[in-house]
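Numbered from 1 within each chain, the chains take letters A, B, ... in sequence-line order.
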Protein chains: 2
Amino acid sequence: MSAATLFRTRGYHGVGLADLLADANAPKGSLYHHFPNGKSDLALAAATWASDEMLRLIAASFDGADSFEDGATTLCYKLAKLFDLTGWDTCPIAATLFEGPDNTLFRDHAEHIYEGWIAEVHDHAARLGLSEEAAHAKAEHLFILIQGGWSLARARRSSDILRGLIKRNDT
Amino acid sequence: MSAATLFRTRGYHGVGLADLLADANAPKGSLYHHFPNGKSDLALAAATWASDEMLRLIAASFDGADSFEDGATTLCYKLAKLFDLTGWDTCPIAATLFEGPDNTLFRDHAEHIYEGWIAEVHDHAARLGLSEEAAHAKAEHLFILIQGGWSLARARRSSDILRGLIKRNDT
DNA sequence: TCGCGAATAGACCGATTGGTCTAGAGACTT
DNA sequence: AAGTCTCTAGACCAATCGGTCTATTCGCGA
């Protein structure tokens, strides 16, 4: 979805319908046929799409991992590479969902997506032998590290911090 | 500055000049007298103002602290209280600066502000006896934890995570 | 009391915003 | 071949956007 990129790089209110449509080579009519509620529907869909990509990234990182730290580290490295490729823009969810017009709906969706990421990490942690409690704590902690690290990386326009996220003190 | 609040809660593109002016009870003329470049100047100023508030918060947290962990913990608690008061909106810098029109200028300002926060924490860490290297690492790490924790708190509309940020694993 | 610069006040502007609506193209069934 | 859907295409709209401009008021030194 090209819309997802637009939303991610410029934020919900930062993109106009005109840009969205031009970028997707689609006229207004098509948009409002597929997304009756227009821009907001599109934003929700773009966020879900971005979230699925992230879930795949998590799975790919943990699938061949021997330990939780192992998987977490390769996830950080993958994200660093992604950061370099896309050119330091925000977490797609935050950019797309935390500004929307219908706050309740958007916030619910954002929370659901974030919890989905944490749950995915949690499952891998549990599979790798961690206790339920430890898995929960580590998954949440990893989310925080990545989210915060990404902010700093963005401000510095450098993915370096992302790569040192795990080592520093054993997750 | 009331403008800072608006920018924080709705993002740079989310607020219109009309809202800004109505909220500040000032007409267009005054704005463009004090801020020749209009909205963007205002945003920069609002960000600086918000940053100063944060610096004060950091100083207040570490001033009476016996150890780094001590100061860091009270900072997290202060932020949690702030979170509850303001009603879960973004980091003011991110909301205001990471969407602006003149990207280079805005990004430079954002980086400068963030580094200022880290430097402030760093100084307190050094004062409390940490080595230069340790102080740097801990300051950076605390920034990441807070930034990431705040994101999660926002998604969950609950300040709980912020309070557990330090304890979990000794910073 | 006058004069002058700083600041306020808001009418006004073209461009752009998100959204609606009508017309027609395309594909599929019968 | 006719009829009936889904979907595309874009003209069009009121509202709002950020910004400019002129007129007026305010504060203060002379």
Q: Name all residues meeting the side chain to side chain donor-acceptor pair (under 3.5 Å) criterion together with A:E132; count only those two or more places apart in sequence or in a different chain, and write none if there are none.
A: A:H122
Q | Distance in angstrom units between B:D19 CG and D:dC17 C1', rounded | A | 11 Å
Q. What's the CZ-P distance between B:R10 and D:dT16, to the nearest Å?
A. 13 Å
Q. Between C:dT17, C:dT8, D:dT8, which nucleotide has the shortest distance from any of its atoms to the side chain of A:H34?
A. D:dT8
Q) Residues from residues 26-33 of chain A sitting under 4.0 Å of DNA chain C, heavy atoms only? A) A:K28, A:Y32
(Q) What's the closest nucleotide to the side chain of A:A18 if the choices are C:dT17, D:dG18, D:dC17? (A) C:dT17
Q. Whole-Å distance between D:dT8 C1' and A:F35 CZ?
A. 15 Å
Q. For B:Y12 and D:dC17, what is the distance between atoms OH and P respectively, to the nearest whole Å?
A. 13 Å
(Q) Going by side chain to side chain donor-acceptor pair (under 3.5 Å), name the residues that satisfy it together with B:T90, two or more places apart in sequence or in a different chain. (A) B:R154
**Q.** Partners meeting side chain to side chain donor-acceptor pair (under 3.5 Å) with B:N103 (sequence neighbours left out)
**A.** none
Q: Send over the distance from B:L20 CG to D:dT16 P, rounded to a whole Å.
A: 16 Å
Q: Could you tell me whether the phosphate oxygens of D:dC17, OP1 or OP2, come under 4.0 Å of any side-chain nitrogen or oxygen in A:H13?
A: no
Q | Value in whole Å for how far the P atom of C:dG18 lies from CD of A:E99 | A | 13 Å
Q) Closest approach of A:W117 and A:L55, non-hydrogen atoms and distance? A) CD1-CD2, 3.7 Å
Q.
Between B:E69 and B:K138 (salt bridge meaning N to carboxylate O under 4.0 Å), is one present in this structure?
A. yes
**Q.** Value in whole Å for how far the C1' atom of C:dT20 lies from CG of A:L21
**A.** 14 Å
Q. Partners of A:D84 by salt bridge (Lys or Arg N to Asp or Glu O under 4.0 Å), sequence neighbours excluded?
A. A:R163
Q) Residues in side chain to side chain donor-acceptor pair (under 3.5 Å) with A:S158, at least two apart? A) A:D160
Q: Can you tell me the distance, in whole Å, between the CG atom of A:L6 and the P atom of C:dG18?
A: 11 Å
